[in-house]
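Heavy atoms only: backbone and side chains are in, while hydrogens, waters and symmetry mates are out.
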Amino acid sequence: MCRHARRGEAGREVSEAPQATQVPSARRADIGRRIGVGLMYGLWKPRVLGAWKVPATGPVILAINHSHIFDGPIVMGVAPRPTHFLIKKEAFVGPLDPFLLAVGQVKVDRSVADRTAITQALGILANGGVLGIFPEGTRGEGDFASLRGGLSYFAVRGGAPIVPVAVLGSTERRGRLIKGLPPLRSRVDVVFGDPFEAGDGSGRRTRKALDEATVRIQKQLTAHLENARRLTGR
């Protein structure tokens, strides 16, 4: 991912990883999933389509559109397998910091090429786990219009298929009790797509190969989102 010993993607400074980086365990992610199941199905009405398409074993990357802070928690609660999300370090504040770490999530410093987070993410995939990524990098329209290169790197370097995930309905209305979240007992659709490989089969990991993989990924994710909207009527 980094050609220069001290520079990462787009010339950003590379943070140093400790000698032995601890990889978040699947057991911790399973605790997070159990909590998510209770909250999501207890407070809202998720409609989940295509969850059976997620491979039952082996490394997998869930690539999720991102338009609301709610998108991560709902996927954590409805995904068929425990999921470790890459989450910006700014979210790890107050009591959320120890909680997110306790349920197997990965803290990412987006201002640098975070070596610790990269090592943890690749370790999750090497252990046959599920990595959740918001490829747009930040919340926006949630339409996969602009992707960062991290997704292609992890998919190619980690040898993991990508499963596109569309979350629809999280931004349609604001709740009365909690204005920053969808109304309680409202329906939110989560649509899982067919898994696909990001690489071209050559095994190349050059910058050009990753850029080409990003283009392929964007086409697949955009097509899935359009199909999800047709399926759900949203």
Item to check | Pairwise distance CG(N227) to NE2(H224) - rounded to 0.5 angstrom | outcome: 7.5 Å
Checklist entry - Is the count of non-hydrogen atoms from other residues, nucleotides or ligands lying under 6.0 Å from R47 atom CZ greater than 12? => result yes
Next on the checklist: Looking at E197, is its backbone amide N or carbonyl O close enough to the side chain of R216 to form a donor-acceptor pair, meaning the two atoms are under 3.5 Å apart?
Outcome noted: no
Item to check | Separation between CG of L96 and CG of L101, rounded to the nearest 0.5 Å | outcome: 10.5 Å
Item to check | Within-4.5 Å side-chain heavy-atom neighbours: D71 and N65 | outcome: no
Item to check | Spacing of CD belonging to Q120 relative to CD belonging to Q22, to within rounding of 0.5 Å | outcome: 8.0 Å
Next on the checklist: Run the side chain to side chain contact (heavy atoms under 4.5 Å, CB included) test on L151 and T214 for me, step by step, so that the C-alpha distance in whole Å, both residues' side-chain angles and the decisive distance to 0.1 Å come before the verdict.
Outcome noted: CA-CA 8 Å; L151 175 56; T214 298; over 6 Å; no
Checklist entry - Under 4.5 Å between side-chain heavy atoms, hopping through other hydrophobics if needed: is there a path connecting V215 to I162? => result no
Next on the checklist: Quick check: closest heavy atoms across V60 and A160, and the distance to 0.1 Å?
Outcome noted: N-CB, 4.1 Å
Checklist outcome for this item: Residues A113 and I118: closest non-hydrogen pair is C-CD1, 4.4 Å
Item to check | Main-chain N/O of D114 paired to D109 side chain as donor or acceptor, under 3.5 Å | outcome: no
Next on the checklist: Counting neighbours of NZ on K53 that are heavy atoms of other residues, nucleotides or ligands and sit closer than 6.0 Å, is the number greater than 12?
Outcome noted: yes
Checklist entry - Taking C-beta and beyond as the side chain, do F154 and I124 meet within less than 4.5 Å on heavy atoms? => result no
Checklist entry - With the 4.5 Å side-chain cut-off for hydrophobic clustering, are L49 and M40 part of the same group? => result no
Checklist entry - In a check of side chain to side chain contact (heavy atoms under 4.5 Å, CB included) between F85 and each of L131, V75, V106, I133, which one passes? => result V75
Next on the checklist: I want to check something: taking the side chain as every heavy atom from C-beta on, are Q220 and P164 in contact at a cut-off of under 4.5 Å?
Outcome noted: no
Item to check | K107 and D97: CA distance, side-chain angles, deciding distance, salt bridge (charged side-chain N to carboxylate O under 4.0 Å, His left out) verdict | outcome: CA-CA 9 Å; K107 182 189 298 187; D97 186 6; 3.5 Å; yes
Checklist entry - Out of curiosity, L122 CG to R157 CZ, how far, rounded to the nearest 0.5 Å? => result 5.5 Å
Item to check | Verify same cluster id: V191, L221 (apolar side-chain graph, 4.5 Å) | outcome: no
Item to check | D200 side chain to A213 backbone, donor-acceptor under 3.5 Å | outcome: no
Checklist entry - Roughly how far apart are D211 CG and S152 OG, rounded to 0.5 Å? => result 7.0 Å
Item to check | Sole residue of I217, V130, L125, V163 in side chain to side chain contact (heavy atoms under 4.5 Å, CB included) with I61 | outcome: L125
Next on the checklist: Which heavy atom of P161 sits nearest to which heavy atom of P195, and what is that distance?
Outcome noted: CB-CB, 4.3 Å
Checklist outcome for this item: A198 and V156 have their tightest heavy-atom pair at CB-CG2, 4.4 Å
Item to check | Side-chain heavy-atom pair L231, D189 within 4.5 angstrom cut-off | outcome: no
Checklist entry - Do side-chain atoms of W44 reach the backbone of V188 as a donor and acceptor pair under 3.5 angstrom? => result no
Checklist entry - Between atom CG of L39 and atom CD1 of I74, what is the distance when rounded to the nearest 0.5 Å? => result 11.0 Å
Checklist outcome for this item: Of all heavy-atom pairs linking V54 and R81, the shortest is CG1-CD, 4.3 Å
Checklist entry - What are the two closest non-hydrogen atoms of R33 and M76, and how far apart are they? => result CG-O, 3.5 Å
Item to check | Side-chain (H84) to main-chain (V23) donor-acceptor, under 3.5 angstrom | outcome: no
